Amino acid sequence: MQLESAWRGTKRWWQFVYQTIRGLPGAFRYYPDTISQMYYMGVQALPLVLTAVACISMVLALEWGTKLELFGAKLMLGRLVGVSVIREIGPTITGLMLAGRTGAKIVSEIGNMVLTEQIDALRAFGTDPVKRLIVPRVFASVVLMLPLTIVADVFGIITGWFASTVWMGVDSDFFWLSMKSGLLMKDIVIGSLKPPFYGLLIGMIGAYYGYTISGGAVGMGRAATRTVMLTSLGVLIMDFLITKTVLAFY
């Protein structure tokens with residue numbers, strides 16, 4: 001019985017993924033909703049993302065600056081901060097912050113529409129709820145992730161530079177020269193590949209659990225909990241898979 005239920009759930013998931021990806025071009029048809037979702041998911045999440053990235057970047061500079069100082073290699077701090085922020089801290093912290101914020105937002109919005117029978121009303125008027133409600137949210141989640149990550153990368157490097165020069169005594173010019181000489185194209189490729197996949201994962205999981213919600217308020221809480229848990233875990237797993245794949249072929 002459990003195997004049969006798991007099979008039905010898996011089948012429903014992949015059908016949902018297929019319908020959503022197939023309908024992604026429809027995001028341009030409902031562009032006001034898509035732009036609105038991009039604003040709520042991206043612009044309003046920016047302070048949260050920047051705060052998290054800044055804190056992690058400054059901690060990185062302080063911790064590694066202290067360690068490198070023991071070996072007389074403190075001037076390498078710029079290289080370490082630049083590579084770490086662009087490859088890992090920027091994309092992954094952005095993904096984790098949006099996994100909690102955006103994932104919960106999507107599941108609550110869609111789930112509330114399901115519980116109040118607004119989805120059934122759309123079907124009654126001949127409107128596909130996947131194209132009308134799901135696609136704009138998933139599309140916005142995918143598109144906004146890379147620009148948001150770039151802003152987070154820039155802010156993370158600046159705050160890392162601030163911590164390195166003010167608290168660790170690293171010369172500002174040496175910091176930037178070290179970062180510039182240490183960055184490779186591979187680092188930029190890895191840091192740029194991750195955000196769209198994170199966005200797709202967050203949007204899909206949040207929309208799926210909202211669209212298949214049942215059980216009233218209890219079901220809403222359960223769906224939100226699963227969404228945050230699975231999107232956060234999914235970001236970390238995808239982080240490893242993308243990094244491993246790129247390093248294997250690049």
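A quick note: this is a predicted structure, and the numbers were derived from the prediction, not measured.
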Within the supplied structure, the quantity of interest is the number of heavy atoms (other residues, nucleotides, ligands) at a distance under 6.0 Å from Glu63 CD; does it exceed 12? no
Would you call Lys105 and Glu109 a salt bridge, taking side-chain N to carboxylate O under 4.0 Å as the test? yes
Met41 versus Leu98: any side-chain heavy-atom pair under 4.5 Å? no
Taking the side chain from Ser232 and the backbone from Met229, do they hold a donor-acceptor pair closer than 3.5 Å? no
How long is the straight-line distance from CZ of Arg222 back to OG of Ser214, given to the nearest 0.5 Å? 6.5 Å
Which value, rounded to the nearest 0.5 Å, describes the distance between Met220 atom CE and Thr225 atom OG1? 11.5 Å
Are Leu146 and Leu183 connected in the hydrophobic side-chain network, where two residues link if heavy atoms are under 4.5 Å apart? no
Could you walk me through whether Ile157 and Ile86 satisfy the side-chain contact (heavy atoms from CB on, under 4.5 Å) test, starting with their C-alpha distance in whole Å, then the side-chain angles of each, then the deciding distance to 0.1 Å, before giving a yes or no? CA-CA 8 Å; Ile157 291 173; Ile86 290 176; 4.1 Å; yes
Could you report the tightest heavy-atom contact between Ala207 and Val138, atom names first, then the distance? CB-CG2, 4.4 Å
Please answer whether the main-chain N or O of Leu184 pairs with a side-chain N or O of Asp187 as donor and acceptor at a distance below 3.5 Å. yes
Tell me if the OH atom of Tyr30 is crowded by more than 12 foreign heavy atoms within 6.0 Å. yes
Look at the aromatic rings of Tyr211 and Phe16 and report parallel, tilted or perpendicular, splitting at 30° and 60°. tilted
Determine, using the 4.5 Å side-chain heavy-atom cutoff (strictly less than), whether Met204 and Leu24 are members of one ILVMFWY cluster. yes
Between Thr20 and Lys131, do the side chains contain an N or O donor and an N or O acceptor separated by less than 3.5 Å? no
Do Thr66 and Met168 come close enough that some side-chain heavy atom pair is under 4.5 Å? yes
In terms of hydrophobic clustering (I, L, V, M, F, W, Y; side-chain heavy atoms under 4.5 Å; direct or indirect links), are Trp161 and Trp167 co-clustered? yes
With side-chain contact (heavy atoms from CB on, under 4.5 Å) as the test, would you mind laying out the steps for Thr94 and Asp153 before giving the verdict? CA-CA 9 Å; Thr94 302; Asp153 287 345; over 6 Å; no
Might you point out which heavy atoms bring Leu60 and Ser84 nearest each other, and give the distance in Å? CD2-CB, 3.6 Å
side-chain contact (heavy atoms from CB on, under 4.5 Å) for Leu68 and Leu77? Distances and angles first, verdict last. CA-CA 8 Å; Leu68 292 174; Leu77 198 55; 4.1 Å; yes
If you count the non-hydrogen atoms of other residues, nucleotides and ligands that lie under 6.0 Å from CZ in Phe174, is the total more than 12? no
List the atom of Ser141, the atom of Gly203, and the distance in Å for their closest heavy-atom pair. OG-N, 3.7 Å
Could you check whether any side-chain N or O of Arg29 sits under 3.5 Å from a backbone N or O of Pro25, counting only pairs where one atom can act as donor and the other as acceptor? no
Close side-chain approach of Val151 and Leu46, heavy atoms under 4.5 Å: yes
Would you compute the distance between atom CZ of Phe175 and atom CG of Leu75 and round it to the nearest 0.5 angstrom? 11.5 Å
Which heavy-atom pair separates Ala52 from Ile93 by the least distance, and what is that distance? CB-CG2, 3.6 Å
Spatial distance of atom CD1 (Ile106) from atom OG1 (Thr227) [nearest 0.5 Å]: 9.0 Å
Whether the side chain of Thr34 engages the backbone of Ala27 through a donor-acceptor N/O pair (distance < 3.5 Å, no angle test) should be reported. yes
So does Gly156 get a backbone contact from the side chain of Thr159, meaning a donor-acceptor N/O pair under 3.5 Å? yes
Going by heavy atoms in the side chains, are Glu88 and Asp239 under 4.5 Å from each other? yes
Yes or no on side-chain contact (heavy atoms from CB on, under 4.5 Å) for Leu247 and Ile190, after CA distance, side-chain angles and deciding distance? CA-CA 9 Å; Leu247 290 178; Ile190 292 176; 4.0 Å; yes
Could you check if a side-chain atom of Arg226 sits within less than 4.5 angstrom of a side-chain atom of Ile205, using non-hydrogen atoms only? no
Side-chain heavy atoms of Arg79 within contact of Met179, under 4.5 Å: no
Mind checking whether Trp13 and Ile110 sit in one hydrophobic cluster, side chains of I, L, V, M, F, W, Y counted as touching below 4.5 Å? yes
How long is the gap from CE on Met145 to CZ on Phe197, to the nearest 0.5 Å? 12.0 Å
Could you tell me whether the side chain of Leu80 reaches within less than 4.5 Å of the side chain of Met76, counting heavy atoms only? no
In terms of heavy-atom contacts, Gly103 and Ile202 come closest through N-CG2, 3.9 Å
If you compare all heavy atoms of Thr51 against all heavy atoms of Pro47, which two are closest, and at what distance to 0.1 Å? OG1-O, 2.8 Å
Would you give the length of the straight line joining atom CD1 of Ile89 to atom OG1 of Thr149, rounded to the nearest 0.5 angstrom? 13.0 Å
Taking the side chain as C-beta and beyond, is there a heavy-atom pair between Trp64 and Val81 under 4.5 Å? no
Take a 6.0 Å sphere around CZ of Arg12 and say whether it holds more than 12 heavy atoms from other residues, nucleotides or ligands. no
Consider only side-chain heavy atoms of I, L, V, M, F, W and Y, link residues closer than 4.5 Å, and tell whether Phe155 and Phe162 are in one cluster. yes
Please answer whether the main-chain N or O of Arg87 pairs with a side-chain N or O of Lys194 as donor and acceptor at a distance below 3.5 Å. yes
